[in-house]
There are 2 protein chains.
Amino acid sequence: MITLAEENYLKAILKLSKNSEDSVSTNAIAEELDTKASSVTDMIKKITDKQLVDYVPYRGVSLSKSGLKKAIEIVRKHRLWEVFLVTKLQFKWDEVHDIAEQLEHIKSQKLVDALDAYLGYPQHDPHGEPIPNKDGQFPKSFSKRLSELEKGSSGQVVGVSQDNQSFLQYLNSLNITLGASISVIQKIDFDDSLEITINNKSAHISNDVARNLLIKQK
Amino acid sequence: MITLAEENYLKAILKLSKNSEDSVSTNAIAEELDTKASSVTDMIKKITDKQLVDYVPYRGVSLSKSGLKKAIEIVRKHRLWEVFLVTKLQFKWDEVHDIAEQLEHIKSQKLVDALDAYLGYPQHDPHGEPIPNKDGQFPKSFSKRLSELEKGSSGQVVGVSQDNQSFLQYLNSLNITLGASISVIQKIDFDDSLEITINNKSAHISNDVARNLLIKQK
DNA sequence: TTATAAATTTAGACAAATCTAAAAATTAAA
DNA sequence: TTTAATTTTTAGATTTGTCTAAATTTATAA
Ligand SMILES: [Mn+2]
Ligand SMILES: [Mn+2]
Ligand SMILES: [Mn+2]
Ligand SMILES: [Mn+2]
């Protein structure tokens, strides 16, 4: 049996590893889960024993095949529940993440499948984040990070790569929603911040924000 | 903060106390939760410290006002989720209890309220069990236990007072569903079992089963 | 009313998950 | 290539929830 805490570690490791190959540092996991490095080391040993990760002391961890599968399942559940909350229960996109953090740990394969069907097999959650299918495959995406666009180019917001409440509420205050049109007016070298227009209204955003906005160009 | 284990103890105590006054024995709780009496004593001390129950050593526990409120909230969540699973996700009535045991611990008042509204403020769960409203009030019921009916009397099944899978699957095998018509043909004194008809087909059931079937007489 | 049985609590231990402080290993700097 | 800084691991504790075995209290029976 895999515990709730173990599931959260697997999810954190998946989030932190771009390529499922490369290994993740103890400190990075500690920061992601808001815990101490020593706690991370303890837990890594446990999930190593369960063969959920590969671990080389002082060198970091990476997900094993079964660990990756498990982590993707949790992400799938998290995002399906977010869709449920928004499309069926009328929650706002900035209200669903914390509840999904709880719901993602409910154990029932039949429930996940039934929920998926009930929602119409959605490919993206309310934040434009991709939902892996039953086999763990993510839908292909053709988006770029806003921070990577050239000056003068433009497109539509199709997703965010972070869905915590404070970030989403900041986006709300800028009227940045899924589907909004954004153009890059100016790139400031000094701090990599951007002058942009959102549906033709101008604004200035930090690189930190731009990095987490996914844009699809026409 | 109230933990998941504490919630389960409160729920068990509520279930075991007919009148919210009378106190529940350590052994009864241990049996209900499939744990040891010594574990129960340990936990009782913890929830006593949190003023969720009143406890007299060797004499048993009863729910305090706040403990009762909390216990009813959990029952409310459990039964609302059961309704969701059956009416929206097409689960059978014998498949929902175990999943609801998990879902009842999800913490979000807004979620419970939204779910309640989404389901149309149901008063009974898929097993005919009453769902307390937001204020903790249970809907009035006019049913009797089948075991209390006289020979010759009859009525319709409006609920069960137990919803574990094995019991419900046994009812399925007898074609006892909500709405089924039942008549008492004979009461056997020896073991209090009953000869009955279910939609005019005869069957023999134990007192243990009859006690958990709720009947509404015409 | 005393002895026996049953129920309950206490004592001591353990696994899970976490922490702080200290030691060890790795990386970066001089 | 040493030394210093950073990262990571280990040692030792703590909290929660559970267990077994033993002691205590209450209930029952002779
Ligand atoms: Mn989320
Ligand atoms: Mn999301
Ligand atoms: Mn149930
Ligand atoms: Mn039920």
Side-chain angles (χ1 to χ4, degrees), chain A residues 1-17 22-63 66-67 70-71 74 101-102 104-107, chain B residues 1-18 22-63 67 70-71 74 101-102 104-107:
Chain A
M1 257 296 293
I2 182 163
T3 69
L4 187 147
E6 288 169 348
E7 288 190 345
N8 283 334
Y9 273 85
L10 295 180
K11 195 168 51 123
I13 296 168
L14 175 62
K15 182 173 177 182
L16 293 170
S17 56
D22 61 14
S23 70
V24 176
S25 78
T26 302
N27 258 3
I29 297 170
E31 177 153 359
E32 173 68 24
L33 294 179
D34 197 24
T35 186
K36 303 293 171 177
S38 55
S39 303
V40 173
T41 302
D42 286 345
M43 182 57 90
I44 285 175
K45 287 175 181 169
K46 289 174 195 160
I47 57 182
T48 300
D49 289 346
K50 294 188 178 182
Q51 312 205 40
L52 294 165
V53 293
D54 298 310
Y55 170 52
V56 184
Y58 294 99
R59 297 269 92 126
V61 280
S62 58
L63 292 169
S66 69
K70 194 75 214 168
I74 300 162
E101 288 284 307
Q102 299 179 63
E104 71 190 6
H105 299 291
I106 301 293
K107 285 170 182 57
Chain B
M1 254 296 294
I2 181 161
T3 70
L4 187 146
E6 289 167 348
E7 289 189 345
N8 284 334
Y9 273 85
L10 295 180
K11 194 168 50 120
I13 295 168
L14 175 62
K15 182 173 178 184
L16 294 170
S17 55
K18 310 267 159 187
D22 63 13
S23 71
V24 175
S25 78
T26 303
N27 259 5
I29 298 170
E31 178 153 357
E32 171 69 24
L33 294 178
D34 198 24
T35 185
K36 304 293 171 177
S38 55
S39 304
V40 173
T41 303
D42 286 345
M43 182 57 90
I44 285 175
K45 287 176 181 168
K46 288 175 195 158
I47 56 183
T48 300
D49 289 347
K50 293 188 178 181
Q51 312 202 41
L52 295 165
V53 292
D54 298 309
Y55 170 50
V56 183
Y58 293 100
R59 297 269 92 127
V61 280
S62 58
L63 292 170
K70 195 72 214 173
I74 300 161
E101 288 284 308
Q102 299 179 62
E104 71 190 6
H105 300 291
I106 301 294
K107 284 169 183 56

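Here is the naming used below: chain letters follow the sequence lines, and residue numbers restart at 1 for every chain. Because the structure is predicted, anything quoted here is derived from the model rather than measured.
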Just to confirm, is there a sub-4.0 Å distance from OP1 or OP2 of D:dT8 to any side-chain nitrogen or oxygen of A:Tyr55? no
Is any side-chain N or O of B:Thr41 closer than 4.0 Å to OP1 or OP2 of C:dT10? no
Reckon B:Lys36 has a side-chain N or O less than 4.0 Å from the OP1 or OP2 of D:dT20? yes
Could you pick out which residue, B:Ala37 or A:Lys46, lies toward the 5' side of DNA chain C when each is mapped onto its nearest nucleotide? B:Ala37
A:Asn27 side-chain N/O to D:dT6 phosphate OP1/OP2 under 4.0 Å: no
Contacts under 3.5 Å, N or O only, protein and nucleotides 11-15 of chain D:
none

In terms of the nearest nucleotide of DNA chain C, which residue is placed more toward the 5' end: A:Asp34 or A:Arg59? A:Asp34
Grab the CD1-C1' distance between A:Ile47 and C:dA15 for me, whole Å please. 17 Å
Taking only the side-chain nitrogens and oxygens of A:Ser39, find out if one of them lies under 4.0 Å from OP1 or OP2 of C:dT18. no
Within a strict 4.5 Å, meaning less than it, do heavy atoms of the A:Asp22 and A:Ser62 side chains meet? no
To the nearest Å, how far apart are B:Met1 CE and D:dG17 P? 10 Å
Does a side-chain N or O of B:Tyr9 approach OP1 or OP2 of D:dT16 to a distance below 4.0 Å, or not? no
Solution key, residues 40-49 of chain A side-chain donor-acceptor pairs under 3.5 Å, sequence neighbours excluded:
unit_1, atom_1, unit_2, atom_2, d
A:Thr41, OG1, A:Ala37, O, 3.2
A:Thr48, OG1, A:Ile44, O, 2.5

Using a heavy-atom cut-off of under 4.0 Å over every strand shown, decide if B:Thr26 touches base, sugar-phosphate, or nothing. sugar-phosphate
Among C:dT18, D:dG17, C:dT10, the one nearest B:Lys45 by side-chain distance: C:dT10
Side chain of A:Met43 (C-beta onward), nearest among D:dT9, C:dT18, D:dT24: C:dT18
Do the side-chain N or O atoms of B:Thr35 get closer than 4.0 angstrom to the phosphate oxygens (OP1, OP2) of D:dG17? no
Using a cut-off of strictly less than 4.0 Å, decide whether B:Tyr58 has a side-chain nitrogen or oxygen near OP1 or OP2 of C:dA6. no
Let me have the donor-acceptor pairs involving side chains of residues 4-11 of chain A, under 3.5 Å, with sequence neighbours excluded, atom names and distances please.
unit_1, atom_1, unit_2, atom_2, d
A:Glu6, OE1, A:Thr3, N, 2.9
A:Glu6, OE1, A:Lys50, NZ, 2.9
A:Glu6, OE2, A:Lys50, NZ, 2.9
A:Glu7, OE1, A:His105, ND1, 2.6
A:Glu7, OE2, A:Lys107, NZ, 3.2
A:Asn8, OD1, A:His105, NE2, 3.1
A:Lys11, NZ, A:Glu101, OE1, 3.2
A:Lys11, NZ, A:Glu101, OE2, 3.1
A:Lys11, NZ, A:Glu104, OE1, 3.3
A:Lys11, NZ, A:Glu104, OE2, 2.8

